[in-house]
Amino acid sequence: MNEVRHQAADPGVKAEATELLAAIGAIRRVARRAVRNAAPLPPARSELLRLAARRSGLSVAEAARELRLAPNSVSTMVSQLAADGLLTRERTAGDGRMIRLSVTSAGAERIAQWRDVRAEMTGRALESAGDADRQAIRLALPALARLAEEMLRLPDS
């Protein structure tokens with residue numbers, strides 16, 4: 001398994017990966033900026049809120065592992081999101097020390113607002129793109145989803 005972890009990608013493929021990540025990064029930055037202007041929340045907190053919406057009932061430790069952040073950092077963000085009324089913390093019945101996270105209706109509304117802002121902006125940009133670019137993007141979507149799945153299967157570096 002360590003061989004796979006340290007095996008270097010082909011230089012040509014690595015260059016393609018660098019271009020892909022740069023393009024995706026640019027898209028994400030523009031989308032984040034639009035969302036930040038519409039409903040401001042620091043990126044790490046918005047990521048935690050979206051994670052809690054996808055995986056209701058997850059613990060702070062699970063969220064920290066998923067986000068690759070220190071548990072105390074996630075705990076601080078949970079407190080801030082709870083104070084903002086976007087997230088709730090509930091103690092489990094079996095172990096009163098274990099906290100489970102869930103998104104409030106206000107949190108769900110915020111996430112929907114972000115999704116709408118990003119979709120509207122991206123939709124307008126796609127409308128102004130040429131037919132060939134829109135078709136290329138549409139055809140690339142399944143491959144990008146498979147790439148994400150493949151990346152999840154790789155061991156952490």
Side-chain angles (χ1 to χ4, degrees), residues 1-81 84 86-87 101-104 106-157:
M1 184 116 119
N2 282 341
E3 283 181 41
V4 173
R5 177 181 284 192
H6 299 291
Q7 183 179 0
D10 172 89
V13 173
K14 188 174 178 182
E16 289 174 7
T18 300
E19 284 185 59
L20 173 64
L21 291 171
I24 290 170
I27 291 167
R28 286 180 56 98
R29 280 189 300 279
V30 171
R32 263 197 312 262
R33 197 173 309 122
V35 165
R36 207 174 348 217
N37 292 337
L41 196 64
R45 272 191 257 166
S46 65
E47 191 173 357
L48 173 58
L49 186 61
R50 286 191 306 271
L51 174 62
R54 281 192 315 274
R55 297 192 36 213
S56 185
L58 105 145
S59 70
V60 171
E62 291 165 340
R65 274 192 304 278
E66 179 89 14
L67 297 172
R68 290 182 164 77
L69 295 172
N72 63 329
S73 296
V74 172
S75 183
T76 299
M77 289 190 295
V78 165
S79 295
Q80 293 162 333
L81 289 168
D84 290 342
L86 303 175
L87 199 63
L101 307 176
S102 59
V103 174
T104 64
E109 287 173 23
R110 177 78 62 98
I111 292 168
Q113 181 183 13
W114 293 336
R115 187 174 30 251
D116 290 347
V117 167
R118 289 190 319 263
E120 176 65 29
M121 171 190 245
T122 305
R124 287 193 324 259
L126 282 170
E127 283 177 345
S128 66
D131 289 340
D133 281 348
R134 278 201 316 275
Q135 177 70 2
I137 292 166
R138 189 172 26 259
L139 291 173
L141 293 175
L144 291 170
R146 288 190 301 274
L147 176 63
E149 288 299 318
E150 201 56 44
M151 290 172 74
L152 285 172
R153 285 193 276 277
L154 292 174
D156 292 341
S157 311

Quick one: side-chain hydrogen bond (donor to acceptor under 3.5 Å, both in side chains) partners of Gln113, sequence neighbours excluded?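 Partners of Gln113 by the side-chain hydrogen bond (donor to acceptor under 3.5 Å, both in side chains) criterion come out as none, since no residue qualifies.
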Among residues at least two apart in sequence or on other chains, which ones pass side-chain hydrogen bond (donor to acceptor under 3.5 Å, both in side chains) with Ser73?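 Residues passing side-chain hydrogen bond (donor to acceptor under 3.5 Å, both in side chains) with Ser73: none at all.
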Without swapping roles, check the side chain of Ser128 against the backbone of Ala125 for a donor-acceptor pair under 3.5 Å. yes
Any side-chain heavy atom of [X] sitting closer than 4.5 Å to one from [Y]?
X: Asp84; Y: Arg45; result: yes
X: Thr104; Y: Leu87; result: no
X: Leu86; Y: Leu41; result: yes

Spacing of [atom1] belonging to [X] relative to [atom2] belonging to [Y], to within rounding of 0.5 Å:
X: Arg55; Y: Glu62; atom1: CZ; atom2: CD; answer: 5.5 Å
X: Ile111; Y: Leu49; atom1: CD1; atom2: CG; answer: 4.0 Å
X: Ser59; Y: Glu66; atom1: OG; atom2: CD; answer: 11.0 Å
X: Leu144; Y: Leu139; atom1: CG; atom2: CG; answer: 11.0 Å

For residues 130-137, which side-chain donor-acceptor pairs fall under 3.5 Å, sequence neighbours excluded?
{"residue": "Asp131", "atom": "OD1", "partner": "Arg134", "partner atom": "NH2", "Å": "2.6"}
{"residue": "Arg134", "atom": "NH1", "partner": "Leu126", "partner atom": "O", "Å": "3.2"}
{"residue": "Arg134", "atom": "NH1", "partner": "Ala129", "partner atom": "O", "Å": "2.8"}
{"residue": "Gln135", "atom": "OE1", "partner": "Arg138", "partner atom": "NE", "Å": "3.3"}
{"residue": "Gln135", "atom": "OE1", "partner": "Arg138", "partner atom": "NH2", "Å": "2.8"}

Of all the heavy-atom pairs spanning [X] and [Y], show the shortest one and how long it is.
X: Ala64; Y: Ala70; answer: CB-C, 4.2 Å
X: Met77; Y: Ala44; answer: SD-CB, 3.5 Å
X: Leu48; Y: Ala63; answer: CD1-CB, 3.8 Å

Review item, side-chain donor-acceptor pairs of residues 115-124, under 3.5 Å, at least two apart:
{"residue": "Thr122", "atom": "OG1", "partner": "Arg118", "partner atom": "O", "Å": "2.8"}

Under the side chain to side chain donor-acceptor pair (under 3.5 Å) rule, what pairs show up with a residue in residues 146-155, not counting sequence neighbours? Glu150-Arg153
Check: residues 14-34 side-chain donor-acceptor pairs under 3.5 Å, at least two apart:
{"residue": "Thr18", "atom": "OG1", "partner": "Lys14", "partner atom": "O", "Å": "3.0"}
{"residue": "Arg29", "atom": "NH1", "partner": "Gly25", "partner atom": "O", "Å": "3.3"}

